[in-house]
2 protein chains.
Amino acid sequence: MEIEEAFGKVLRKIRVEKSISQEELAHLCGLDRTYISLMERGKRKPTINTIFALAKGLNESPGDLVIETENLLHL
Amino acid sequence: MEIEEAFGKVLRKIRVEKSISQEELAHLCGLDRTYISLMERGKRKPTINTIFALAKGLNESPGDLVIETENLLHL
DNA sequence: TTGTAGACTACTGTCGACA
DNA sequence: ATGTCGACAGTAGTCTACA
């Protein structure tokens, strides 16, 4: 599995757990809704700044997002 | 301080601690030497894949790189 | 050994629209 | 509420070269 695919799964999992829509998350972190969609499906590789923005919108630690991604990749 | 600036400081700190040159690190993680230089000085925002590549080259966990970046930002 | 510059390619991220 | 498309601007990342 590619890194961006794992990250997308983590992103979607956390978002759904919090019952937030893509549109709400986009608004919370100042990103475009269609871009959230692309990331969740592993079609984009976010920069470090985007990772921090997503974490803030999800009320999570950026490091935790990355660690969960590592775990999915059994790294 | 900007996120990419904090990340650059973390990157340089770990690299210097391990006594690796930019050129060696570049070779270890399959990136360009001049790009390592740019990142260390906060002039670039690496993607998640690049963060994983750097972590591998440094024998570190990607999540730890991000957590150290958070700490520098007192987040 | 590192910083910088310029020129370049590929991709990140935005936006409007429609299923 | 989400996926997708096309067009677009800006930037990530490479490479050669020189101080």
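Just so we're on the same page: letters track the sequence lines, and every chain starts at 1.
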Mark up nucleotides 5-19 of chain D, 5' to 3', with B wherever a protein heavy atom is under 4.0 angstrom from a base atom, S wherever such an atom reaches only the sugar-phosphate, and - elsewhere. -------BBBBBB--
Is there a salt bridge (charged side-chain N to carboxylate O under 4.0 Å, His left out) between B/Glu40 and B/Lys9? Walk through the geometry before answering. CA-CA 6 Å; B/Glu40 285 190 355; B/Lys9 290 189 181 187; over 6 Å; no
Nearest whole angstrom, please: distance from the C1' of D/dA1 to the CD of A/Glu24.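 Distance check: A/Glu24 CD to D/dA1 C1' gives 10 Å.
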Write down the distance between CD (A/Glu4) and P (C/dC11), rounded to a whole number of angstrom.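 So the CD-P distance, A/Glu4 to C/dC11, works out to 11 Å.
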Side chains of B/Asn49 and B/Thr47: do they bring a donor and an acceptor to under 3.5 Å?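 No donor-acceptor contact under 3.5 Å links the two side chains.
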Using only heavy-atom distances, determine whether the side chains of B/Arg33 and B/Ser37 contain a donor-acceptor pair under 3.5 Å.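 No, no side-chain donor-acceptor contact under 3.5 Å.
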Is it true that B/Ile67 and A/Leu65 fall in one hydrophobic cluster, defined by side-chain heavy atoms closer than 4.5 Å?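 Hydrophobic grouping puts B/Ile67 apart from A/Leu65.
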Strictly below 4.0 Å: does A/Ser37 bring a side-chain N or O up to OP1 or OP2 of D/dG3?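 For A/Ser37, the contact criterion (side-chain N or O under 4.0 Å from OP1 or OP2 of D/dG3) is met.
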Using modelled atom types and a 3.5 Å cut-off, is there a donor and acceptor pairing between side-chain atoms of [X] and backbone atoms of [Y]?
X	Y	answer
B/Glu70	A/Gly63	yes
A/Glu24	A/Ser21	yes
B/Arg44	B/Met39	no

Using a strict heavy-atom distance below 4.0 Å, which residues from residues 11-22 of chain B are in contact with DNA chain C?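 B/Arg12, B/Arg15, B/Ser21, B/Gln22, in order of number.
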Above 12 or not: heavy atoms from other molecules or residues under 6.0 Å from NZ of B/Lys18?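 Result for NZ/B/Lys18: enclosed.
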Of the listed nucleotides (C/dT2, D/dG3, C/dG3), which one gets closest to any side-chain atom of B/Glu23?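 Of C/dT2, D/dG3, C/dG3, C/dT2 is nearest to the side chain of B/Glu23.
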